Student: 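Just dropping this structure here.
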There are 2 protein chains.
Amino acid sequence: MTTAKRTGLSSASLATVAAKAGVSISTVSRVVNGQTHRASAETVEKVRQVIAEVGYRPNHVGRSLRRQESRLVAMLVANLDNPVMATIAASTEAALRDAGYVMFLCDTHDRADLQDDYLYAMRSHGVQGYVLVACVPSPGLKEFSEGGVPIVFVSRRNPCGEGAFVGIDNIRAGADAADYLWSQGIREAAALYPLQGSTVTRDRAAGFCDRLLSLGVPSDKILRLTAPGLSHKDVGYLAVRDLLTAGRQWPPGIMCVSDQIAYGVYRAAREANVVIPDDCTVVSIDGNALNAWLAPWLTSICVPHGDYGREVVELLLSLWNGAGLSERILQHQLGLPTQLQVDIPLKSL
Amino acid sequence: MTTAKRTGLSSASLATVAAKAGVSISTVSRVVNGQTHRASAETVEKVRQVIAEVGYRPNHVGRSLRRQESRLVAMLVANLDNPVMATIAASTEAALRDAGYVMFLCDTHDRADLQDDYLYAMRSHGVQGYVLVACVPSPGLKEFSEGGVPIVFVSRRNPCGEGAFVGIDNIRAGADAADYLWSQGIREAAALYPLQGSTVTRDRAAGFCDRLLSLGVPSDKILRLTAPGLSHKDVGYLAVRDLLTAGRQWPPGIMCVSDQIAYGVYRAAREANVVIPDDCTVVSIDGNALNAWLAPWLTSICVPHGDYGREVVELLLSLWNGAGLSERILQHQLGLPTQLQVDIPLKSL
DNA sequence: CTGAAAGCGCTTACAG
DNA sequence: CTGAAAGCGCTTACAG
């Protein structure tokens, strides 16, 4: 029990079972691993009995060391507190579990040094794959992406080289947002994005502006608003507040590169007595499930974050099987604000 | 490289370093573990050089097996997609990391069978502690809570016995919600909670109703509304919708045992053309950070989920040091809706 | 100051 | 059909 307290391991080991069953460790091991044809029926039966009796479960640490395979995967996320990341983490965890793997979860707080710390720590733990959600460039990442253990990049492509990838076409998502505003009769709009953004936010903003231009909106009617950002909510809030402070008009259409930015806009609008959607149509990209409940004023392009996990695991499996790097571009979809997406049967009370 | 691909381990082992440095494995091990006084200065120097050269990092699997200590902790959450859980997970991960531990994250989807699967799987991996967020009763939990590796229960107490605990005083939180509505002049109110709730939701509802009674509100002015629930949002939505369907009045005050339930109420109100907060004051318990941005109509009792991680880790450390089971009851706090809690400096553009 | 040896729990050729 | 032995990478008495 003292041992169990320190180690976290059940006390029963192969040796315990072997002794109780009066057979060798090898034999127990074979039974545990399903090689029942390698022992007599009685032996198998006896061993199984003892296993059940003492509640034996194989120790993964010993097994990992011997097999040189841990069945462990590390997920590094930029910020677990962000609902987008949480959804991706949840779906990946479920998919890994179904495939027989266990997930380490590491929150890098968008910091290159922490990302590297985790990369090395996870290697020490013998993980067989990495899932990097919205990673940042770092020396360690460069080293790791040059070979060795498979890495799947999610949302954001490898900033330090090539890599397998799961995400959407951000340029098209931005363009679709532009089409939506255009379809609403809007001929003047602002794109809101973080100042120190990644390719993701830049692509979304670029796709939006380019499409408006090609629809014939003059470039002086396309505002590019940005703010330095701790969080995206702050970015949205600051970008439009500064616009007002500068004495400019609130634009009739706004595209936010993330839902969080739109939430910031909403707060700024409230403070400025601007009514959304009456005075201004807001469209964003992400499609947080909460929007249908809390933000009926928002139209959002839905990104299927809940499907990412399945794709990530399929990609990992293919990489383990020796396949080359590949990309999985999932389809986004415009979600209309009035169309509540959850259908609830009336059956209570 | 083939090995590295399969194992995820860097190829350099103690043996590699020892060979390159022309010393024994024992000596390298001592240097790695900082026992520099156990070797001559030149030897230490030489070994360090080789370590840096080949980029050696100790293999945790080998170390865990030998030391019988993994520095691994398992967190089991009921549903990672719930922002409350995500915040708790994020804060715990950070605190564990600071203490030198790595976290497995397991999503039990509120299912007893999955919870048990994970409990046993994590034991196989040699975890030294468990953090159970909103766990459900299960046979495995009963077994595990009877001894062995420390468990910290978060939000919800151990439903199968005793246990260390981190959470708030839910009865008081409910009472505080009642006091708030009372202070707003409300003398008739409804409590909304899920039909198949835990002690958490029941305590919050009971604390609320009891306080209203003791304030002098007659019991027929205290409505208890509930609905069978997939998600809390659905619960809130269904509970009030059914009320209207039954031809009853929308109550002037509503207490939701969670923010998510309040979000459901908001949607139902919108569909019924009820204006919150003009027609109805809503108070809830949780204090999601998003509320200040998206739900200005909501007053919420803030639970310090972001502080849970620190408390959890302190509790784990104390348990490892042989301390007895204890509880950490954190303080909740009423957050007013008009009072935006984030102060943003105006410094952009 | 340094190294050979045992052993953590497991798997797997190999021999019988 | 079964077991003794080697070894995954590490740590740690023990001997010198």
Side-chain angles (χ1 to χ4, degrees), chain A residues 2-4 6-47 51 54 56-72 123-128, chain B residues 2-4 6-47 51 54 56-72 123-128:
Chain A
T2 316
T3 306
R6 284 214 342 276
T7 67
L9 296 173
S10 69
S11 40
S13 65
L14 275 187
T16 319
V17 176
K20 287 219 181 202
V23 297
S24 75
I25 290 179
S26 325
T27 300
V28 182
S29 175
R30 284 188 206 105
V31 173
V32 167
N33 290 292
Q35 299 188 275
T36 50
H37 60 287
R38 311 270 277 99
S40 73
E42 306 110 81
T43 306
V44 171
E45 183 49 32
K46 175 74 190 157
V47 170
I51 286 178
V54 302
Y56 170 77
R57 303 240 173 187
N59 175 334
H60 264 276
V61 183
R63 182 177 274 181
S64 295
L65 190 58
R66 173 60 228 234
R67 286 198 183 155
Q68 295 292 294
E69 112 175 359
S70 61
R71 299 198 80 81
L72 256 29
R123 184 164 74 178
S124 287
H125 281 285
V127 301
Q128 298 183 262
Chain B
T2 315
T3 306
R6 284 212 345 273
T7 67
L9 297 172
S10 69
S11 39
S13 65
L14 276 187
T16 320
V17 176
K20 286 220 182 202
V23 297
S24 76
I25 290 179
S26 325
T27 300
V28 182
S29 176
R30 284 188 207 105
V31 174
V32 167
N33 290 292
Q35 298 189 275
T36 50
H37 59 286
R38 310 269 277 100
S40 73
E42 307 109 82
T43 306
V44 171
E45 182 50 31
K46 175 74 190 156
V47 170
I51 285 177
V54 304
Y56 170 78
R57 304 241 172 185
N59 176 334
H60 264 275
V61 182
R63 181 177 275 180
S64 296
L65 190 58
R66 174 59 229 236
R67 287 198 184 154
Q68 294 292 294
E69 116 176 354
S70 62
R71 299 197 81 80
L72 257 28
R123 184 164 74 178
S124 286
H125 282 285
V127 300
Q128 297 183 263

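Keep in mind the model is a prediction, meaning the values are calculated, not measured. In what follows, chains are A, B, ... by sequence order, proteins preceding strands, each numbered from 1.
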Student: Can you find an N or O donor on one side and an acceptor on the other, under 3.5 Å apart, linking the side chain of A/R30 with the base of D/dG3?
Tutor: yes
Student: Can a side-chain donor-acceptor contact be found between A/N33 and A/R38 if the only test is distance below 3.5 angstrom?
Tutor: no
Student: Is the distance from OP1 or OP2 of D/dT2 to the nearest side-chain N or O of A/T43 less than 4.0 Å?
Tutor: yes
Student: Could you tell me whether the side chain of A/T43 reaches within less than 4.5 Å of the side chain of A/K46, counting heavy atoms only?
Tutor: no
Student: Taking atom types as they are modelled, would you say the side chain of A/R67 forms a donor-acceptor pair with the base of C/dG9 within the 3.5 Å cutoff?
Tutor: no
Student: Nearest whole angstrom, please: distance from the C1' of D/dC10 to the CG of A/N59.
Tutor: 15 Å
Student: Side chain of B/S40, heavy atoms from C-beta onward: which of D/dG9, C/dT2, D/dA6 has the nearest atom to it?
Tutor: C/dT2
Student: Which part of the nucleic acid, if any, lies within reach of A/V32 when heavy atoms closer than 4.0 Å are counted: base, sugar-phosphate only, or nothing?
Tutor: nothing
Student: Please tell me whether A/T16 and A/S13 have a donor and an acceptor in their side chains that are separated by less than 3.5 angstrom.
Tutor: yes
Student: Just how far, in rounded Å, is P of C/dG9 from CD1 of A/I25?
Tutor: 10 Å
Student: When rounded to the nearest Å, what value does the distance between P atoms of D/dG7 and C/dA4 take?
Tutor: 16 Å
Student: Rounded to whole Å, how long is the line connecting atom CD of B/Q35 with atom P of D/dC10?
Tutor: 16 Å
Student: 5'-most contact on DNA chain C: A/A15 or B/A41, nearest heavy atom basis?
Tutor: B/A41
Student: So, is A/R63 near the phosphate of C/dT11, with a side-chain N or O under 4.0 Å from OP1 or OP2?
Tutor: yes
Student: Below the 4.0 Å mark, does D/dG3 have OP1 or OP2 next to a side-chain nitrogen or oxygen of A/S24?
Tutor: yes
Student: Are OP1 or OP2 of C/dT11 and a side-chain N or O of A/N33 less than 4.0 angstrom apart?
Tutor: yes
Student: Please pick, from C/dA6, C/dT11, D/dC8, the nucleotide with the shortest atom-to-atom distance to any side-chain atom of A/S29.
Tutor: C/dT11
Student: With respect to the phosphate group of D/dG3, does any side-chain polar atom (N or O) of A/T27 fall under 4.0 Å of OP1 or OP2?
Tutor: yes
Student: When you match B/L65 and B/S26 each to their closest nucleotide on DNA chain D, which lands nearer the 5' end?
Tutor: B/L65
Student: Contact between A/H60 and A/L72 at the side-chain level, heavy atoms closer than 4.5 Å - yes or no?
Tutor: no
Student: In whole angstrom, give the distance that lies between atom CZ of B/R123 and atom P of C/dG9.
Tutor: 14 Å
